[in-house]
There are 2 protein chains.
Amino acid sequence: MKNEADETYTCGLDAALDIIGGKWKVLILWHLHSGPHRFGELKRLVEGISEKMLIQQLKEMESHGIVSRKDFKEVPPRVEYAVTDFGVSLTEALRPLCAWGEEHMQRIEQCSHKCEAEKQRAAG
Amino acid sequence: MKNEADETYTCGLDAALDIIGGKWKVLILWHLHSGPHRFGELKRLVEGISEKMLIQQLKEMESHGIVSRKDFKEVPPRVEYAVTDFGVSLTEALRPLCAWGEEHMQRIEQCSHKCEAEKQRAAG
DNA sequence: GCAAGTACCTACCTATAAGTAAGTAGAGTT
DNA sequence: AACTCTACTTACTTATAGGTAGGTACTTGC
């Protein structure tokens, strides 16, 4: 967000959300947390993600140093993705938030349903 | 994200990011964390936010129960926003991530600059 | 009348994220 | 030849988030 040339982030959360914000990154990170995975494994584990989005997200996470990519130079291609040490520090920092989300998941779901219902009502 | 009628979140982070994801919510929450604020105060504190976005984000945060809105029924209007108990539990859960972001802020900024530079190089 | 203060609402536009579909490469199998 | 496996790339489209500009309401002061 606040990454214009002359500006810095207002707070640490702002910066952190630049690294893990968006629909897919936390899901990918969640699966990689349990150990290294190949591309195809991740694709099957992360339900609903397209190859294109998976590649894009992995590339971004790699460029942020959260994830490492190991190419075994084989044919058919064999590539393995794993969380880096830096990425592990992030997953550790995410633990409390993860627990909070688990604890309040039903509440969040109910709210989301209510918000959807209100939107549809407003749409007529 | 995963709030379709028949689906639930894959992990707690997924759910939590539904509550605080996006450009503005963490910044608003960060300012409200220090105590209740009126609309105009928040508008001045959160640099770069438009009234429209501030209203929209506050409304969403209120509907999620993170923020409370107290209308003093005065003219000119006087409304005060504060973090709820539920919101406090969220801010507590966000502390480690906030600290992580603070700790790695410069690294994140440098990476963002590099990504921008690469994008511009690719654009020609 | 205008301007200031306060906190919103609405219509429309722009930017960004995500999605779909087609394609690439090499090796092996039918 | 086609198909399978693997992991990508590219062009274009759609969905969503954020932004701009105009407006509302009331009171007070000039």
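Predicted, not measured: the structure shown is a model, and the values here were computed from it. The chains referred to below are lettered A, B, ... by the order of the sequence lines, with proteins before strands, and numbering in each begins at 1.
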Please classify the nucleic acid contact of [X] as base, sugar-phosphate, or nothing, using heavy-atom distances under 4.0 Å.
| X | answer |
| --- | --- |
| Y81(A) | sugar-phosphate |
| Q57(B) | sugar-phosphate |
| E51(B) | base |
| K73(A) | nothing |

Please report the distance, rounded to the nearest Å, between [atom1] in [X] and [atom2] in [N].
| X | N | atom1 | atom2 | result |
| --- | --- | --- | --- | --- |
| I28(A) | dA17(C) | CD1 | C1' | 13 Å |
| I55(A) | dG19(C) | CD1 | P | 14 Å |
| F39(B) | dG5(C) | CZ | C1' | 14 Å |
| K59(B) | dT10(C) | NZ | C1' | 11 Å |
| L54(B) | dT6(C) | CG | P | 13 Å |
| Q56(A) | dA18(C) | CD | C1' | 8 Å |
| F72(A) | dG26(C) | CZ | C1' | 18 Å |
| R78(A) | dA27(C) | CZ | P | 17 Å |

Under 4.0 Å between a side-chain N or O of [X] and OP1 or OP2 of [N]?
| X | N | result |
| --- | --- | --- |
| R38(B) | dT6(C) | no |
| K23(B) | dG19(D) | yes |
| W24(B) | dA17(D) | no |

### Query
Are any of the side-chain nitrogens in K59(B) or E62(B) under 4.0 Å away from the carboxylate oxygens of its partner?
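A salt bridge is absent here (no side-chain N lies under 4.0 Å from a carboxylate O).
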### Query
Ion pair present between E41(B) and R38(B), side-chain N to carboxylate O less than 4.0 angstrom?
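Looking at R38(B) together with E41(B), the answer is no, because their closest N to O distance does not fall below 4.0 Å.
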### Query
Quick one: on DNA chain C, does E80(B) or I49(A) contact a more 5' nucleotide (nearest heavy atom)?
E80(B)
### Closest-nucleotide ordering on DNA chain C, the 5'-leading residue of G48(A) and P77(B)
P77(B)
### Query
If you measure from CD on E60(B) to CH2 on W24(B), what distance do you get to the nearest 0.5 Å?
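Interatomic distance, E60(B) CD to W24(B) CH2, rounded to 0.5 Å: 14.0 Å.
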Return the nearest nucleotide to the side chain of [X]; candidates are [options].
| X | options | result |
| --- | --- | --- |
| V75(A) | dC8(C), dT6(C), dG26(C) | dG26(C) |
| M53(A) | dC8(C), dA18(C), dG19(D) | dA18(C) |
| K52(B) | dG19(C), dG19(D), dT6(C) | dG19(D) |
| V79(A) | dA7(D), dT27(D), dG19(C) | dA7(D) |
| R69(A) | dC9(C), dC8(D), dA25(D) | dC8(D) |

### Query
Quick one: does T84(A)'s side chain have a donor or acceptor within less than 3.5 Å of a partner on S68(A)'s backbone?
no
### Message
Give me the atom names and distance for the closest heavy-atom approach of I108(B) to A16(A).
### Response
CD1-N, 4.4 Å
### Message
Can you confirm whether or not the ring centre of F86(A) sits under 6.0 Å from the ring centre of W100(B)?
### Response
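Between F86(A) and W100(B), the centre distance is under 6.0 Å.
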